[in-house]
Q: 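Dropping a structure here in structure tokens format, bear with me for questions.
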Amino acid sequence: MKSVEKYDLIYSVVMSIPGGTVATYGQVAAIAGLPGRARQVGHALRCLPDDSGVPWHRVVNAKGEISRRGSPGSEFEQRALLEEEGIVFNKRNRLPLEQFQWER
DNA sequence: GCAGTGACTAGTA
DNA sequence: ATACTAGCCACTG
């Protein structure tokens, strides 16, 4: 269960993201104490259920885009969720990483 | 314990 | 600006 502890930290960081703000895997990883382990963050969110209370949709990659593991369509739903948070999307379904000034 | 894979990033073409 | 490649690190089989 040690692995769960590490994931818990990541979840905590993600849940610490205020509404209307998004963060990249690298950003979350760095804050979670895993600099350069952005992939690990992805794995953590990957095992994360949709009803875990973690706004995984606020975590995007360096391109400002999110993809749910080969399941297109979830992206569309995600966009709606983020828009509801007050986040504005760019033309290409990409997020303006300028809102990363969250800093835990 | 080794090999393969991956919700990534940065650099290069 | 977009597309591809290489690198890095952790987890799964």
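Quick note on labels: first sequence line is chain A, next is B, and so on, each numbered from 1. No hydrogens, no waters, no symmetry mates; every other heavy atom, side chains included, goes into these values.
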Q: Are A/Leu9 and A/Val28 grouped together when hydrophobic residues (ILVMFWY) are joined by side-chain heavy atoms under 4.5 angstrom apart?
A: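 No; A/Val28 is not reachable from A/Leu9 via cluster members.
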
Q: Can you name the side-chain contact (heavy atoms from CB on, under 4.5 Å) partners of A/Ala38, sequence neighbours left out?
A: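 A/Tyr25.
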
Q: A/Leu34 has an atom CG; how far is it from atom P of C/dC9, in whole Å?
A: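 So the two atoms are 12 Å apart, to the nearest Å.
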
Q: B/dA7 C1' sits how many Å from A/Tyr11 OH, rounded?
A: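 Computing the A/Tyr11:OH to B/dA7:C1' distance gives 12 Å.
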
Q: Identify, with sequence neighbours excluded, every residue that meets salt bridge (charged side-chain N to carboxylate O under 4.0 Å, His left out) alongside A/Glu83.
A: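 Per chain and number, A/Glu83 pairs via salt bridge (charged side-chain N to carboxylate O under 4.0 Å, His left out) with no residue.
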
Q: Calculate the interatomic distance between A/Arg37 atom CZ and C/dG7 atom C1'; express it in whole Å.
A: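 Nearest whole value for this atom pair: 13 Å.
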
Q: Does A/Arg58 have any side-chain hydrogen bond (donor to acceptor under 3.5 Å, both in side chains) partners at least two apart in sequence or in another chain, and if so, which?
A: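 So A/Arg58 forms a side-chain hydrogen bond (donor to acceptor under 3.5 Å, both in side chains) with A/Glu85.
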
Q: Please examine the side chains of A/Ile66 and A/Leu95, heavy atoms only from C-beta on, and report whether any two atoms are closer than 4.5 Å.
A: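 Sidechains of A/Ile66 and A/Leu95: no contact.
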
Q: Quickly work out the A/His43 NE2 to B/dT5 P distance and round it to whole Å.
A: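 Interatomic distance, NE2 of A/His43 to P of B/dT5: 13 Å.
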
Q: Using whole Å, what does the distance between atom P of nucleotide C/dA10 and atom CG of A/Leu9 come to?
A: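 These atoms are roughly 14 Å apart.
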
Q: Please report the distance, rounded to the nearest Å, between CD in A/Gln40 and P in C/dA10.
A: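 Spelled out: CD on A/Gln40 to P on C/dA10 is 8 Å.
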
Q: Mind checking side-chain contact (heavy atoms from CB on, under 4.5 Å) for A/Pro49 and listing every partner two or more places apart, or none if nothing turns up?
A: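 A/Pro49 satisfies side-chain contact (heavy atoms from CB on, under 4.5 Å) with A/Asp51, A/Ser52 once adjacent residues are dropped.
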
Q: Kindly give the atom pairs (protein nitrogen or oxygen, nucleotide nitrogen or oxygen) under 3.5 Å for nucleotides 9-13 of chain B.
A:
{"from": "B/dT9", "atom 1": "OP1", "to": "A/Ala62", "atom 2": "N", "distance (Å)": "3.3"}
{"from": "B/dT9", "atom 1": "OP2", "to": "A/Ala62", "atom 2": "N", "distance (Å)": "2.5"}

Q: For DNA chain C, whose closest nucleotide is more 5', that of A/Gly36 or that of A/Cys47?
A: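 It is A/Gly36 whose nearest nucleotide is closer to the 5' end.
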
Q: Write out a two-atom table: protein N or O, nucleotide N or O from nucleotides 2-4 of chain C, distance below 3.5 Å.
A:
{"from": "C/dT2", "atom 1": "OP1", "to": "A/Arg92", "atom 2": "NH1", "distance (Å)": "3.4"}

Q: Are A/Leu81 and A/Ile87 connected into the same hydrophobic cluster when the rule is that any two of I, L, V, M, F, W, Y join if their side-chain heavy atoms are below 4.5 Å apart?
A: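 Shared cluster, no.
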
Q: I'd like to know if the side chain of A/Tyr7 reaches the main chain of A/Leu45, judged simply by a donor and an acceptor atom lying under 3.5 Å from each other, with no hydrogens or angles considered.
A: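 No, the answer is negative, given that no donor and acceptor are paired below the 3.5 Å cut-off.
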
